[in-house]
Participant: 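The following block contains the structure, expressed as structure tokens.
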Amino acid sequence: MVGSVLITLLLLWIAQLLTTRNLVTLSYPGSIFRWVGLTVLLNIAAQIGDLIESAIKRGAGVKDSGTLLPGHGGVLDRIDALLLAAPVLWYAQLVQQAF
């Protein structure tokens, strides 16, 4: 969680430096609190997605969810965080657009 927040703050700082030089390639409109809040929300969702996928595998009694990536737990282990974080990001954007 701390790492995600630090990276977010670093990206916001870099974006501010670029904006002062009239380079809007990397810009984050809105307050810093909104971006840090979104970071925390997505980080929690990603961790819960990982835990849910692990619980599914434990319930099924398997160590790997596939054989395509041996030693990595399968493809599902590579995207388990996205399975919950992506919909959370989608709804966060919908809520932000509504206000």
Participant: Report whether L11 and V5 are members of the same hydrophobic cluster (ILVMFWY, side-chain heavy atoms less than 4.5 Å apart, transitive linking).
Facilitator: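 In one cluster: yes.
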Participant: When you compare the side chain of Q16 with that of L12, does any pair of heavy atoms fall below 4.5 Å?
Facilitator: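 Of all side-chain heavy-atom pairs linking Q16 with L12, none is under 4.5 Å.
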Participant: Does the side chain of Q93 reach to within under 4.5 Å of the side chain of L38, using non-hydrogen atoms?
Facilitator: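 Result yes, sub-4.5 Å side-chain heavy-atom pair found.
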Participant: Dump the intermediate steps for side chain to side chain contact (heavy atoms under 4.5 Å, CB included) on V24 and L18, then the final yes or no.
Facilitator: CA-CA 7 Å; V24 291; L18 291 174; over 6 Å; no
Participant: Any idea which heavy atoms bring T20 and L17 closest together, and the distance?
Facilitator: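 Reported closest heavy-atom pair: OG1-O, 2.6 Å.
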Participant: Please tabulate, for the side chains in residues 27-37, all donor-acceptor contacts under 3.5 angstrom to protein atoms that are two or more places apart in sequence or on a different chain.
Facilitator:
| residue | atom | partner | partner atom | Å |
| --- | --- | --- | --- | --- |
| S31 | OG | R34 | N | 3.2 |
| R34 | NH2 | P29 | O | 3.0 |
| W35 | NE1 | P29 | O | 3.0 |

Participant: If I take atom CG from residue L94 and atom CG from residue L89, how far apart are they, to the nearest 0.5 angstrom?
Facilitator: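 Atom-to-atom, L94:CG and L89:CG are 9.5 Å apart.
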Participant: Could you walk me through whether L9 and T39 satisfy the side chain to side chain contact (heavy atoms under 4.5 Å, CB included) test, starting with their C-alpha distance in whole Å, then the side-chain angles of each, then the deciding distance to 0.1 Å, before giving a yes or no?
Facilitator: CA-CA 10 Å; L9 293 173; T39 298; over 6 Å; no
Participant: Not counting sequence neighbours, which residues clear side chain to side chain contact (heavy atoms under 4.5 Å, CB included) with I44? List them please.
Facilitator: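 Per chain and number, I44 pairs via side chain to side chain contact (heavy atoms under 4.5 Å, CB included) with M1, V40, I48.
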Participant: If hydrophobic clusters are built by linking Ile, Leu, Val, Met, Phe, Trp and Tyr wherever their side-chain heavy atoms come under 4.5 Å apart, do I56 and L84 end up in the same one?
Facilitator: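 In one cluster with I56: L84, yes.
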Participant: Check A45 against A85 and note the closest heavy-atom contact, atom names and distance.
Facilitator: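 Residues A45 and A85, closest heavy atoms: CB-CA, 4.0 Å.
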Participant: Return the set of residues passing side chain to side chain donor-acceptor pair (under 3.5 Å) with D50 (not counting sequence neighbours), or none when no residue passes.
Facilitator: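 Once residues adjacent in sequence are excluded, D50 has no partner under the side chain to side chain donor-acceptor pair (under 3.5 Å) criterion.
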Participant: Nearest 0.5 angstrom please: I52 CD1 to D80 CG, how far?
Facilitator: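 So the gap between those two atoms works out to 10.0 Å.
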Participant: Is there a continuous path of hydrophobic side-chain contacts, each under 4.5 Å between heavy atoms, that joins Y91 to L42?
Facilitator: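 Different hydrophobic clusters.
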Participant: Starting at CD1 of I7, measure out to CG of N43 and round the result to the nearest 0.5 Å.
Facilitator: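 Output value for this atom pair is 12.0 Å.
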